[in-house]
Number of protein chains: 2
Amino acid sequence: MTRNGGSETRAAILEEARRVLLDQGYTSLSMRSLAAAIGCTPTTIYLYFKNKDSLIHTLIDEGMNMLHGRLIQALEESSEGCSVERMRALAGAYFDFGLENQEYYEVMFMLHPQHMDRYPAAKYRSARRNLELFAEQLPEGPSQPVVGIQIWSALHGTISLLIAQRIDNKFSRDELRDLAIEQAVATVAARPIEN
Amino acid sequence: MTRNGGSETRAAILEEARRVLLDQGYTSLSMRSLAAAIGCTPTTIYLYFKNKDSLIHTLIDEGMNMLHGRLIQALEESSEGCSVERMRALAGAYFDFGLENQEYYEVMFMLHPQHMDRYPAAKYRSARRNLELFAEQLPEGPSQPVVGIQIWSALHGTISLLIAQRIDNKFSRDELRDLAIEQAVATVAARPIEN
DNA sequence: CCGCCATGTTTACACTGTAAAGTTTACACT
DNA sequence: AGTGTAAACTTTACAGTGTAAACATGGCGG
């Protein structure tokens with residue numbers, strides 16, 4: 001392969017990895033096929049990424065930033081509403097992001113760490129921002145982060161089962177979406193108002 | 001390896017597979033190491049199981065039956081209670097099963113089908129029994145299976161994130177358990193009584 | 001006794017991630 | 001211009017994966 005100044009190769013790797021991830025999913029993303037697609041040898045990739053996991057980590061990070069954009073946008077669009085309405089918008093945006101970016105969602109939230117190096121602390125923080133948005137919509141403010149986690153977890157449950165195709169097709173996605181969002185909303189509505 | 005009458009080998013395969021699954025997790029479960037552990041060649045396993053996935057399927061089936069036992073027991077112990085109390089017992093039992101049998105839970109509900117052959121229809125039915133138990137606890141009876149699915153999904157969300165170690169350790173498991181269960185209970189309590 | 005079938009092994013293929021060592025290119029500096 | 005060095009990339013190799021095809025062997029029924 002022609003020398004092309006390093007960072008171009010790195011960009012090509014990421015671009016192709018992203019493409020394969022979206023088209024064929026995580027399992028099809030192999031270092032060798034990746035290398036073949038961009039016209040270099042497998043080991044070249046190791047010049048830019050410690051290993052496959054750290055390549056995945058940067059994809060996760062991309063996904064987290066995409067998600068953050070979507071969530072922030074949803075919050076801005078509903079900023080005039082009460083906490084219930086903001087949560088409805090947030091949950092809806094989260095749900096839609098998950099189903100519209102299934103392959104991203106999978107590497108972001110469904111991959112087991114045993115198959116994966118520990119997620120680096122710096123990137124972990126950027127991921128946590130997304131989750132904190134849920135607690136921040138509670139009427140009492142972000143003082144109960146665990147409740148935010150619970151609301152997020154419940155949403156994640158439905159999304160992950162849909163992605164994993166563990167829910168019978170006879171149940172409509174829209175109905176499941178509504179139920180999941182309303183459950184999140186109900187949890188907010190049940191909180192005491194304190195701020 | 002000595003001929004030992006077939007079903008013994010099959011039993012040994014399953015026993016070792018179960019052991020590895022519980023000890024080292026799904027990723028460590030390889031046909032070759034499995035064969036080495038029970039003292040046969042990898043291909044011998046293919047006499048008893050079509051492929052790795054179908055071996056996993058029978059483990060999933062085992063897990064589903066274990067889970068069913070736990071859920072039925074919880075329901076029996078709470079049979080005198082109202083639908084809210086029965087759901088509390090059911091959700092608690094489901095949650096505990098998940099965390100006490102993480103490796104089973106993972107293959108049962110968290111593995112992506114792309115990595116896996118389609119779950120056989122017959123076994124799928126036995127899995128569905130477990131989910132139907134949730135809808136059956138609704139005050140209006142099992143007429144709204146999708147609500148049962150939603151309650152189950154939300155529980156699954158918390159469990160799967162805990163198993164995947166995607167929830168910060170600073171959040172106590174007990175508190176998350178309580179919140180998840182109460183969210184399930186609240187969804188039941190919010191239903192109209194019709195039967 | 002003989003043939004068949006269940007039970008198993010041997011061998012092989014096409015993959016996977018990744019480490020070590022060697023090679024080529026580009027550029028800075030004397 | 002010539003040389004040193006570092007970046008970029010390849011070659012080769014290892015150890016592992018699932019699994020298919022062909023071959024061997026034991027025991028049992030006719």
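Keep in mind that the numbers below use all heavy atoms, side chains included, and drop hydrogens, waters and symmetry copies. The chains referred to below are lettered A, B, ... by the order of the sequence lines, with proteins before strands, and numbering in each begins at 1.
Taking side-chain N and O atoms only, Tyr48(B) has a distance below 4.0 Å to OP1 or OP2 of dG8(C). Considering only side-chain N and O atoms, Thr44(B) lies nowhere under 4.0 angstrom from the phosphate OP1 or OP2 of dT7(C).
Side chain of Ser30(B), nearest nucleotide from dT16(C), dG18(D), dT10(D): dG18(D). The listed nucleotides are dT9(C), dT18(C), dA8(D); the one nearest the side chain of Lys52(A) is dT18(C). Looking at the side chain of Thr41(B), the nearest of the listed nucleotides dT17(D), dC9(D), dT9(C) is dT9(C). Comparing dC9(D), dT18(C), dT7(C) by their closest approach to the side chain of Asn51(A) singles out dT18(C).
In this structure, Leu47(B) places its CG atom 13 Å from C1' of dT25(D), rounding to the nearest Å. Between Leu34(A) atom CG and dC9(D) atom P the separation is 14 Å, expressed in whole Å. Rounded to whole angstrom, the span from the OH atom of Tyr46(A) across to the P atom of dA13(D) amounts to 18 Å. For Phe49(A) and dT18(C), the CZ to P distance is 13 Å, given to the nearest whole Å. Between Leu55(A) atom CG and dG17(C) atom C1' there is a gap of 12 Å when expressed in whole angstrom units. Distance Lys50(A) NZ to dT18(C) C1': 10 Å, rounded to the nearest Å. As rounded to whole Å, 12 Å separates atom C1' of dT10(C) from atom CZ of Arg32(B). For the pair Met31(B) CE and dG8(C) C1', the computed distance is 15 Å after rounding to whole Å.
A salt bridge links Glu182(B) with Arg88(B); the closest basic N to acidic carboxylate O contact falls under 4.0 Å. We find that Glu16(B) and Arg19(B) are joined by a salt bridge, their nearest charged nitrogen and carboxylate oxygen being less than 4.0 Å apart.
Within the nucleic acid shown, Leu29(A) comes within 4.0 Å of sugar-phosphate atoms alone, with no base atom in reach, counting heavy atoms only.
Residue Glu15(A) places its CD atom among 12 or fewer non-hydrogen atoms of other residues, nucleotides or ligands, all under 6.0 Å distant.
Looking at Thr43(A), its side chain comes within 3.5 Å of the base of dT11(D) through a donor and an acceptor atom.
When only modelled atom types and interatomic distance are considered, Tyr105(A) and Glu100(A) share no side-chain donor-acceptor pair under 3.5 Å. For the residue pair Ser83(A) / Gln137(A), no side-chain donor-acceptor distance below 3.5 Å is found, with atom types taken as modelled. The closest side-chain donor-acceptor pair between Gln73(A) and Glu77(A) falls under 3.5 angstrom.
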So what's the dot-bracket for DNA chain C: Watson-Crick or G-U pairs under 3.5 Å, [ ] if a pair crosses, | if it pairs off-strand? ||||||||||||||||||||||||||||||
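In this pair, Tyr94(B) and Phe109(B) present their aromatic rings tilted. The plane angle is within the 30 to 60° band.
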